[in-house]
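Residue numbers start from 1 in every chain, and the chains themselves are labelled A, B, ... in the order their sequence lines are given, proteins ahead of strands. All figures in this text were calculated on a predicted structure; none of them were measured in a lab.
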Number of protein chains: 2
Amino acid sequence: MGAAAGFRSSLTLVRKACGACRECDVRHQALCAAMADDDLHRLEGIMSPTALQPNQTLLRQGDPCRKVYSLTSGMLRLFTDLPDGRRQITGFLLPGDYLGLVDDHVHSQSAEAVVASQLCSFPIRQIELLMGEFPSLRDRLHRMTRAALRQAHDSQLMLGRLAPLEKLAGFLLMLDARANRQPRGGRALQLAMSRTDIADHLGLTIETVSRCFTRLKMQGLIRLPDAHLVEILHEDRLADIAGIGIQPEQLRSTAC
Amino acid sequence: MGAAAGFRSSLTLVRKACGACRECDVRHQALCAAMADDDLHRLEGIMSPTALQPNQTLLRQGDPCRKVYSLTSGMLRLFTDLPDGRRQITGFLLPGDYLGLVDDHVHSQSAEAVVASQLCSFPIRQIELLMGEFPSLRDRLHRMTRAALRQAHDSQLMLGRLAPLEKLAGFLLMLDARANRQPRGGRALQLAMSRTDIADHLGLTIETVSRCFTRLKMQGLIRLPDAHLVEILHEDRLADIAGIGIQPEQLRSTAC
DNA sequence: CGGTACTTTGACAGTTGTCAAACCGGGTGG
DNA sequence: CCACCCGGTTTGACAACTGTCAAAGTACCG
């Protein structure tokens with residue numbers, strides 16, 4: 001925790017060739033998908049690229065809202081922490097996601113890079129002007145906010161009513177669905193975040209997370225070539241565990 | 001659970017005098033606050049009033065999205081439930097709040113009245129047309145969605161990282177802040193929902209909720225004239241318990 | 001090769017869930 | 001008017017899941 005303090009003022013600015021937006025990996029997933037090719041330069045004109053190193057802080061809860069960010073590569077964690085050190089990660093941002101528009105004038109949560117990441121940043125004032133000019137942009141941001149709200153609701157269900165094993169199963173499936181959008185080809189899922197991050201997202205301790213990984217492994221549902229690489233062997237049985245159609249016996253710690 | 005099944009087709013339609021919107025209690029809190037008095041009839045024109053009895057179902061997870069609702073009086077609970085009966089209440093709607101715009105074509109959660117409630121309902125198609133015509137309406141809905149997202153994030157923190165006593169303290173303070181927006185006048189807070197609802201919102205059991213009420217009472221922080229009426233005696237000390245500046249000793253069950 | 005950070009495993013204790021019973025208020029029917 | 005019943009709430013006893021503390025294992029980097 002707090003390992004990245006002091007980085008904030010050294011956000012690296014990356015120069016990008018003009019017109020590069022058109023060939024961006026997330027051109028059709030991110031907020032810029034709302035803009036036609038011909039209007040893209042309007043967004044590009046107010047954009048500054050930003051790069052973050054692993055664990056570098058992008059913003060802290062309490063910071064004034066000045067910019068909107070769109071993640072183009074890497075992964076961010078969004079979290080709130082309490083004065084006594086407890087932390088809740090409300091979600092992980094993947095390429096194409098955005099952050100920075102909130103209902104208040106200060107941020108209610110912090111954002112840090114999980115791994116090296118690149119973002120487009122836009123002055124919030126200018127984005128608001130563009131939203132006025134391009135209703136499709138406002139529409140897209142609204143839609144993306146609704147998607148985020150739905151994810152938050154799913155997370156509430158997980159946190160409030162699922163057992164640890166169910167939480168982890170659900171987490172792996174969700175992350176897999178978001179990260180690899182082409183249907184599962186037996187490929188492995190990269191777990192960029194640490195066990196601490198997973199624990200702080202699922203409302204568990206790292207020990208419990210680790211034990212649950214072991215149980216999923218024992219039951220033959222996943223493989224763990226190393227701690228940060230998961231191979232999902234039985235997506236269907238994982239989904240059963242994750243909440244839709246529970247077999248309570250499976251969940252009892254039957255000798256771990 | 002399921003006590004209100006079968007009510008769905010009997011949503012009562014309430015006739016309202018034309019122009020009544022202008023004198024509505026939530027005229028300046030609800031989505032209609034985005035419309036000038038002169039344009040209000042455009043919203044009113046596509047609105048049908050709806051009334052719900054206690055525990056009546058407004059919509060169920062899986063239902064197609066057809067309407068947007070604005071709550072004018074009463075209280076709704078929004079929840080997801082699992083096949084085995086577990087339930088997570090993601091939030092309670094108060095007058096002025098809206099629901100119905102989601103990122104999918106079906107609802108991911110159900111909505112039921114906690115107490116007798118009245119709503120304005122708008123065909124989703126027409127609302128979208130109006131949003132196109134009145135950017136301020138789209139802006140307001142976006143803003144309200146962001147407020148909902150923030151509430152969901154707060155709830156995630158509660159569910160994932162707070163102890164039961166902290167959860168309840170935080171819940172009471174939040175509900176009080178939302179229900180009585182004038183500063184606390186020593187007045188009592190009406191708890192319309194049951195212990196089961198509170199438990200399903202905070203990720204606890206009703207027994208634990210009840211024990212926490214008792215502890216807050218014992219510590220002299222609240223009074224409970226009856227099970228559904230709370231008098232907050234020490235807002236500041238409740239806030240301490242609720243997360244900002246925790247005194248861990250206070251939380252240990254010191255004889256209950 | 002040694003050191004560090006992270007993960008896994010183990011032993012144990014405590015909080016919270018489970019089960020059960022008592023309590024309470026309101027409504028119905030005698 | 002009182003007794004009874006019923007749903008919801010509170011209280012109690014107990015067990016177990018999960019957190020805490022501690023140590024061992026593993027991978028990575030200098």
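Taking a cutoff of 4.0 Å between a charged side-chain nitrogen and a carboxylate oxygen, B:Glu112 and B:Arg60 do not qualify as a salt bridge.
Whole-Å rounding puts the B:Leu229 CG to C:dG25 C1' distance at 15 Å. Distance B:Leu165 CG to C:dG17 P: 13 Å, rounded to the nearest Å. Distance A:Met218 CE to C:dT8 P: 12 Å, rounded to the nearest Å. In this structure, CD1 of A:Ile206 is placed 12 Å from P of D:dC21, rounded to the nearest angstrom. Here the C1' atom of nucleotide C:dT16 and the CZ atom of B:Arg215 are 11 Å apart, to the nearest Å. D:dC17 atom C1' lies 12 Å from atom CG of A:Leu204, rounded to whole Å. In this structure, CZ of A:Arg195 is placed 10 Å from P of C:dT9, rounded to the nearest angstrom. Following rounding to the nearest Å, A:Phe213 (CZ) and D:dG25 (P) show an atom-to-atom distance of 22 Å.
Across C:dG17, D:dA22, C:dT18, the shortest atom-to-atom separation from the side chain of B:Glu207 is found for C:dT18. Closest to the B:Pro164 side chain, of the nucleotides C:dT8, D:dT9, C:dT16, is C:dT16. You'll find that the side chain of B:Leu224 is closest to D:dT10, out of D:dT10, C:dT8, D:dT18. In this structure, the nucleotide among D:dT11, C:dT16, D:dT9 sitting nearest to the side chain of B:Arg211 is D:dT11.
With the nearest nucleotide of DNA chain C identified for both A:Lys217 and B:Gly203, A:Lys217 has the one nearer the 5' end. Nearest-nucleotide assignment on DNA chain D puts the 5′-proximal partner with B:Thr208, out of A:Asp226 and B:Thr208.
A distance of 11.0 Å separates CG of A:Leu71 from OG1 of A:Thr50, quoted to the nearest 0.5 Å. Taking CZ of B:Phe171 as the reference point, atom CZ of B:Phe92 lies at 5.0 Å (rounded to 0.5 Å). The structure places CD of B:Gln109 at 3.5 Å from OG1 of B:Thr90, a figure rounded to the nearest 0.5 Å.
Residue A:Thr196 places none of its side-chain N or O atoms closer than 4.0 Å to OP1 or OP2 of C:dC6. Contact annotation: B:His228 reaches the phosphate of D:dT9 (side-chain N/O to OP1 or OP2, under 4.0 Å).
Looking at heavy-atom distances under 4.0 Å, B:Ser210 makes contact with a base.
Of the N and O atoms on the side chains of B:Gln88 and B:Thr80, not one donor lies less than 3.5 Å from an acceptor on the other residue.
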